[in-house]
Number of protein chains: 2
Amino acid sequence: MDGEVRRHAISVQAFKRMPYYLEYLKSLLNEGVATVSAPNVAAHFNFSEIQVRKDFASVSSSQGKPKQGFELRNLIKDIEEVLGYNNTDEAVLVGVGSLGRALMAYSGFEVYGLKIVAAFDTDENLVGSEVSGKKIIHASRISDMCRRMNVHIGIITVPALCAQTVCDQLVAGGVKAIWNFAPLHLSVPDNILVQNENMAASLALLSRHLREQMKG
Amino acid sequence: MDGEVRRHAISVQAFKRMPYYLEYLKSLLNEGVATVSAPNVAAHFNFSEIQVRKDFASVSSSQGKPKQGFELRNLIKDIEEVLGYNNTDEAVLVGVGSLGRALMAYSGFEVYGLKIVAAFDTDENLVGSEVSGKKIIHASRISDMCRRMNVHIGIITVPALCAQTVCDQLVAGGVKAIWNFAPLHLSVPDNILVQNENMAASLALLSRHLREQMKG
């Protein structure tokens with residue numbers, strides 16, 4: 001119950017910092033360190049000490065001890081719990097183009113609790129074949145299959161023009177959370193989360209920075 | 001000169017909306033539409049009309065005409081110009097693991113003005129071979145090669161533990177902008193831009209949403 005309360009209290013910004021903390025804390029553990037202090041973590045990330053203390057308090061009930069700091073093992077366990085790395089969520093992917101294939105081939109997601117269990121496409125040459133060990137199913141069956149497999153995460157890697165249609169089919173199939181790689185704003189009901197991975201915007205920001213640097 | 005002033009005036013938030021506008025405007029153009037009004041664009045994205053007008057004004061000198069709206073072709077050209085899609089930036093990638101390979105195989109980046117010209121790794125079995133048509137070079141040569149090739153963008157797809165070392169080598173080689181896929185906060189000099197692609201945080205947010213939905 002306590003865990004539930006904490007989980008709701010954490011801000012999205014603090015939540016997004018957790019994978020960074022986790023990575024750092026694990027690297028310390030690998031080096032044989034047993035405890036860590038808030039000032040040390042703050043210095044490593046160039047964050048304020050207050051922020052680090054607040055972040056840790058929002059995910060962990062263990063208090064840092066004066067002089068010693070936080071027990072690394074407990075803190076790591078608490079962060080993994082909050083991030084949901086201990087339970088795996090199944091997902092389907094729609095759009096087996098180059099980006100879709102890349103994500104299907106990427107073995108790193110399972111570490112973070114995500115498993116792609118099926119993929120959809122409209123290309124008749126692909127349907128029925130396997131890519132990275134996953135069967136490709138015709139996109140006309142998205143809603144039906146999501147419901148049958150009881151999958152709640154959909155990954156969209158189709159061109160922007162068909163992304164909204166795919167999104168609607170996923171939602172109709174009971175999907176609650178969408179990871180959207182199409183450069184498009186998706187309209188969804190209030191209870192559905194869309195997490196946009198806007199690579200086009202990232203690239204444009206890099207490019208803009210370069211142009212400004214070259215001028216200066 | 002006018003263009004330079006506008007480019008500096010646009011906020012990062014507005015800038016990030018541009019790929020979305022661009023995608024939508026291009027889809028209208030494909031349907032044979034010639035002009036678009038701010039209220040229509042606002043309705044499509046569920047943005048306010050004032051925001052859309054401000055965003056368009058920050059990238060385009062062409063004013064919307066009463067009743068007709070904006071000329072699609074001009075608006076598209078202006079947004080592409082601001083996003084830098086017309087000039088291609090060369091990049092190197094470090095870390096030819098599954099994510100690195102995925103990005104190297106993805107043909108979609110060139111549309112957005114990014115071209116990966118070389119990749120680095122420490123694995124002796126990979127060095128000297130080609131992946132997606134790009135030569136794999138030993139990571140000890142990062143700084144030297146970046147300087148020789150005059151490349152200013154570095155993509156980091158190594159594990160978090162070696163990401164800072166790789167980052168320092170890229171910066172030493174004259175790289176000005178870093179696209180970081182490692183779940184780690186990188187320390188860089190002030191004039192270097194780091195664009196984080198924190199997939200671990202995205203996945204954790206999706207997973208958290210699911211757990212909250214399932215409870216409700």
Side-chain angles (χ1 to χ4, degrees), chain A residues 4 7-8 12 15-16 18-20 22-24 27 44-46 82-85 87 89 97-99 101-103 105-109 112-114 152-153 160-161 176-177 179 183-185 187 191 193 195 197-216, chain B residues 4 7-8 12 15-16 18-20 22-24 27 30 44-46 82-85 87 89 97-99 101-103 105-109 112-114 152-153 160-161 176-177 179 183-185 187 191 193 195 197-215:
Chain A
E4 310 271 311
R7 200 168 297 152
H8 278 283
V12 168
F15 194 81
K16 284 184 170 178
M18 292 302 152
Y20 292 89
L22 186 61
E23 204 63 46
Y24 177 56
S27 75
H44 177 79
F45 289 108
N46 209 7
V82 164
L83 289 173
Y85 286 1
N87 55 328
D89 297 308
S98 56
L99 182 59
R101 277 167 191 276
L103 296 179
Y106 181 49
S107 53
F109 293 140
Y112 303 123
L114 185 96
H152 298 111
I153 294 183
L161 277 174
K176 303 279 181 246
W179 200 13
L184 181 92
H185 172 90
S187 301
N191 61 330
L193 176 78
Q195 180 71 35
E197 222 62 51
N198 190 346
M199 301 225 197
S202 295
L203 286 175
L205 281 167
L206 291 176
S207 162
R208 178 169 81 149
H209 177 77
L210 282 192
R211 277 177 286 158
E212 281 168 12
Q213 284 287 308
M214 296 308 151
K215 262 183 266 158
Chain B
E4 311 271 312
R7 201 168 297 156
H8 279 281
V12 168
F15 193 81
K16 284 184 170 178
M18 291 303 152
Y20 291 89
L22 185 61
E23 204 63 46
Y24 177 57
S27 75
N30 280 341
H44 177 79
F45 288 107
N46 209 8
V82 165
L83 288 173
Y85 287 1
N87 54 327
D89 297 307
S98 57
L99 181 61
R101 277 168 191 275
L103 296 179
Y106 181 49
S107 54
F109 293 141
Y112 303 122
L114 184 97
H152 297 110
I153 294 183
L161 278 175
K176 303 278 180 248
W179 200 13
L184 181 93
H185 172 89
S187 301
N191 62 329
L193 177 78
Q195 180 71 36
E197 221 63 52
N198 189 347
M199 298 224 197
S202 296
L203 285 175
L205 281 168
L206 292 176
S207 162
R208 178 168 82 149
H209 177 77
L210 281 193
R211 277 178 285 158
E212 280 169 10
Q213 285 287 307
M214 296 308 149
K215 264 182 269 158

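Below, chain A is the first sequence line, B the second, and so on; all start at residue 1. Worth saying up front: this structure is predicted, and the values here are computed from it rather than measured.
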- Contacts of A/His44 that satisfy ring pair (Phe, Tyr, Trp, His ring centres under 6.0 Å) - sequence neighbours left out: A/Tyr24
- Structural part of B/Leu83 lying under 4.5 Å from a heavy atom of chain A: both
- Query: Which answer fits A/Leu205, side chain, backbone, both or neither, if we ask what part of it has an atom under 4.5 Å from a heavy atom of chain B?
  - Reply: both
- B/Val12 side chain near A/Arg208 side chain, heavy-atom distance below 4.5 Å: yes
- Message: Using a 4.5 angstrom heavy-atom cutoff, name the option from B/Ser207, B/Gly113, B/Ser27 with the most pairs to chain A.
- Response: B/Ser207
- Note on the structure: Most heavy-atom pairs under 4.5 Å with chain B, out of A/Gly97, A/Ala160, A/Ser187, belong to A/Ala160
- Message: Heavy-atom pairs under 4.5 Å with chain B: which of A/Leu161, A/Asp89, A/Leu210 has the most?
- Response: A/Leu210
- Query: What residues form a side chain to side chain donor-acceptor pair (under 3.5 Å) with B/Glu23, not counting sequence neighbours?
  - Reply: none
- Note on the structure: Value for NE2 (B/His185) from CZ (A/Phe45), rounded to nearest 0.5 Å, stands at 7.5 Å
- Note on the structure: Whatever's closer than 4.5 Å to a heavy atom in chain B on A/Leu99 counts as both
- Note on the structure: Assert top hit (heavy-atom pairs under 4.5 Å, partner chain A, pool B/Leu206, B/Asn30, B/Asn198) equals B/Leu206
- Honestly, the part of A/Asn191 sitting under 4.5 Å from a heavy atom of chain B is both
- Task: Without swapping roles, check the side chain of A/His209 against the backbone of B/Leu193 for a donor-acceptor pair under 3.5 Å.
- Result: yes
- Message: Please give me the minimum heavy-atom distance between A/Ser202 and B/Trp179, naming the atom from each residue.
- Response: CB-NE1, 3.6 Å
